[in-house]
Amino acid sequence: MASQYYQEMQESFKNNNKSREFPAHTAKVHSVAWSCDGRRLASGSFDKTASVFVLEKDRLVKENNYRGHGDSVDQLCWHPTNPDLFVTASGDKTIRIWDVRTTKCIATVITKGENINICWSPDGQTIAVGNKDDVVTFIDAKTHRSKAEEQFKFEVNEISWNNDNDMFFLTNGNGCINILSYPELKPIQSINAHPSNCICIKFDPTGKYFATGSADALVSLWDVDELVCVRCFSRLDWPVRTLSFSHDGKMLASASEDHFIDIAEVETGEKLWEVQCDSPTFTVAWHPKRPLLAYACDDKEGKYDNNREAGTVKLFGLPNDS
């Protein structure tokens with residue numbers, strides 16, 4: 001018997017299953033993220049820039065393009081409680097903090113390697129950045145100085161604090177989830193989560209679960225307190241690159257090189273919807289208040305010129321008549 005939530009969301013998506021694309025960059029988009037108030041969406045691209053859009057009713061209106069990085073912007077995230085600040089991680093061995101009110105870069109922090117992943121602590125005080133050499137640097141968000149640096153002996157993929165800010169999680173190339181105490185950074189536990197490369201990790205807004213995506217094409221859902229796997233989602237056929245929980249924690253979007261984004265009901269694992277895509281998806285992000293999903297794919301421009309990347313950002317969940 002389908003849950004009431006399942007029936008409500010099915011009904012909602014039946015009327016709101018339109019996707020719309022918005023030009024954002026001149027090359028592929030690696031990362032999309034919403035500000036905490038849901039007013040703005042930022043995207044980071046291979047074209048070395050970040051773009052910021054304002055959400056107006058059912059469309060994204062481009063507000064600014066942020067230049068300064070000397071290499072691809074691989075990941076970005078917003079301050080957890082200040083909707084004006086976001087940070088970008090780049091292969092140019094820097095991270096940059098930007099303020100949308102002044103449209104300026106307020107800090108450039110030089111790091112040791114080519115940065116590939118970044119996250120902001122839930123208390124807003126620290127930014128963690130991981131590089132290609134599996135070093136994670138913890139940067140004070142106010143002084144912009146490094147507070148700690150850890151070199152890992154395994155391939156570090158995605159990094160994240162738990163919602164309580166007292167543990168730090170890393171997914172690694174051996175299929176494990178490594179958990180460190182924070183701020184001490186002492187190893188607490190290593191969980192064998194997947195038989196192959198564990199790629200991404202996300203915590204749900206309620207603090208009850210976290211999800212990991214792996215090269216074995218599985219998404220696993222974990223109980224935060226017990227650190228046990230509650231269920232697996234297995235509708236994708238390719239390595240899971242990106243995950244996002246909806247604002248209420250009840251839906252989980254996951255994507256890969258499959259030509260659809262899977263939207264699952266967290267409590268049952270059932271498929272709520274799938275968003276059709278023409279190409280692999282790099283990044284997904286649910287809006288912090290509404291059932292709107294931002295995403296970006298490896299799109300090519302037009303039918304004839306297959307070498308040009310489109311660099312668009314997409315929004316799913318719009319009214320069919322919009």
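Bear in mind the structure is a predicted one, so any value in this text is a computation, not a measurement. Sequential numbering from 1 along the given sequence is applied to the chain's residues.
In terms of hydrophobic clustering, with Ile, Leu, Val, Met, Phe, Trp and Tyr side chains grouped at heavy-atom distances under 4.5 Å, L293 and F22 are assigned to different clusters. Clustering ILVMFWY residues whenever any of their side-chain heavy atoms sit less than 4.5 angstrom apart, transitively, puts I177 in the very cluster that holds I188. Hydrophobic clustering of Ile, Leu, Val, Met, Phe, Trp and Tyr side chains at less than 4.5 Å, counting indirect connections, keeps W238 apart from I199. Linking Ile, Leu, Val, Met, Phe, Trp and Tyr whenever their side-chain heavy atoms come within less than 4.5 Å puts I139 and V87 in one cluster. Under a hydrophobic-cluster definition in which Ile, Leu, Val, Met, Phe, Trp and Tyr are linked whenever side-chain heavy atoms come within less than 4.5 Å, directly or via other members, L252 and M9 are assigned to different clusters.
Between F203 and F210, the two ring planes are tilted [angle within 30° to 60°].
Side chain of R96 to main chain of R67: no donor-acceptor pair is present (N/O by atom type, distance under 3.5 Å, no hydrogens or angles). No donor-acceptor distance shorter than 3.5 angstrom exists from the side chain of D204 to the backbone of G249, with no hydrogens or angles considered. Between the W161 side chain and the P122 main chain, no donor and acceptor come within less than 3.5 Å of each other. Between the side chain of Y6 and the backbone N or O of K271 there is at least one donor-acceptor pair closer than 3.5 Å. N174 places no side-chain N or O within donor-acceptor distance of the main-chain N or O of C176, the cut-off being under 3.5 Å. In this structure, the side chain of S72 does not engage the main chain of G91 through any donor-acceptor pair within 3.5 Å. Counting only distance, with no hydrogens or angles, the side chain of T111 and the backbone of K93 share a donor-acceptor pair below 3.5 Å. At least one donor-acceptor pair under 3.5 Å links the side chain of N131 to the backbone N or O of D133. Remark: the backbone N or O of S244 is paired with a side-chain donor or acceptor of W286 at under 3.5 angstrom. Judged by distance alone, with hydrogens and angles left aside, the side-chain atoms of K28 form no donor-acceptor pair with the main-chain N or O of D299 at under 3.5 Å.
Legend: ring pair (Phe, Tyr, Trp, His ring centres under 6.0 Å) pairs involving residues 242-267, not counting sequence neighbours: none detected. Pairs passing the ring pair (Phe, Tyr, Trp, His ring centres under 6.0 Å) check and including a residue from residues 57-77, sequence neighbours excluded, read Y66-F86, Y66-W98.
Taken to the nearest 0.5 Å, the CG atom of L227 stands 5.0 Å off from the CD atom of Q189. Note that the CD atom of E114 and the CG atom of D71 stand 6.5 Å from one another [nearest 0.5 Å]. If you take CD on E150 and CG on L180, they are separated by 6.5 Å, rounding to the nearest 0.5 Å. Put simply, CG on L60 and OG on S51 are 11.0 Å apart, with the number rounded to the nearest 0.5 Å. Note that OG1 of T88 is 7.0 Å distant from CD1 of I118, once rounded to the nearest 0.5 Å. Here the CD1-OG distance, from I179 to S190, works out to 8.0 Å after rounding to the nearest 0.5 Å.
Looking at T242 and Y295, their side chains never bring a donor and an acceptor atom within 3.5 Å of each other. Q7 and E11 share no side-chain donor-acceptor pair at under 3.5 Å. Counted by atom type alone, E267 and S3 present zero donor-acceptor pairs between their side chains at under 3.5 Å.
The two atoms that bring L243 and A211 nearest to each other are CD1-O, 3.5 Å, heavy atoms only. Heavy-atom minimum distance, W222 versus C229: CE3-N, 3.3 Å. In this structure, V54 and E63 approach most closely via the heavy-atom pair CG2-OE2, 3.5 Å. Among all heavy-atom pairs drawn from W120 and Q125, the shortest one is NE1-N, 4.4 Å. Shortest non-hydrogen contact noted between P288 and D37 is CG-C, 4.3 Å. E265 approaches F233 most closely through the heavy-atom pair O-CE2, 3.9 Å.
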| Could you go step by step and tell me if E274 and R235 meet the salt bridge (charged side-chain N to carboxylate O under 4.0 Å, His left out) rule? | CA-CA 10 Å; E274 59 180 45; R235 284 180 292 270; over 6 Å; no
| request: Decide yes or no on side chain to side chain contact (heavy atoms under 4.5 Å, CB included) for R20 and S322, but give the supporting numbers first. | output: CA-CA 10 Å; R20 195 177 271 173; S322 65; 3.6 Å; yes
| Taking it one step at a time, do C36 and N82 satisfy side chain to side chain contact (heavy atoms under 4.5 Å, CB included)? | CA-CA 7 Å; C36 60; N82 179 339; 6.0 Å; no
| message | Working note: T137 + K112, criterion side chain to side chain contact (heavy atoms under 4.5 Å, CB included); need CA distance, chi angles, decisive distance, verdict. | response | CA-CA 9 Å; T137 306; K112 287 193 171 158; 5.9 Å; no
| said: Using side chain to side chain contact (heavy atoms under 4.5 Å, CB included), reason through S43 and V32 one step at a time and then give a plain yes or no. | reply: CA-CA 4 Å; S43 57; V32 292; 4.0 Å; yes
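Put simply, the side chain of I97 reaches to within 4.5 Å of the side chain of I127, judged on heavy atoms. Contact check for R231 versus T268: no side-chain heavy atoms found under the 4.5 Å cut-off. Using a 4.5 Å heavy-atom threshold, the side chains of H194 and S220 count as touching. Here the side chains of D298 and F282 are in contact, with some heavy-atom distance below 4.5 Å. Counting heavy atoms from C-beta outward, C297 and D278 have side chains that stay 4.5 Å or more apart. At a threshold of 4.5 Å between non-hydrogen side-chain atoms, the residues L292 and L55 count as touching. Using a 4.5 Å heavy-atom threshold, the side chains of F169 and I191 count as separate. Considering only heavy atoms from C-beta on, F138 stays 4.5 Å or farther from S121 through its side chain.
Remark: K62 engages no residue in a salt bridge (charged side-chain N to carboxylate O under 4.0 Å, His left out) (not counting sequence neighbours).
Proximity of the aromatic rings of F13 and F316 is defined here by a centroid distance below 6.0 angstrom, and this criterion is met.
A salt bridge links R101 with D99; the closest basic N to acidic carboxylate O contact falls under 4.0 Å.
Residue F46 places its CZ atom among 12 or fewer non-hydrogen atoms of other residues, nucleotides or ligands, all under 6.0 Å distant. Within 6.0 Å of CD in Q276 there are more than 12 heavy atoms belonging to other residues, nucleotides or ligands.
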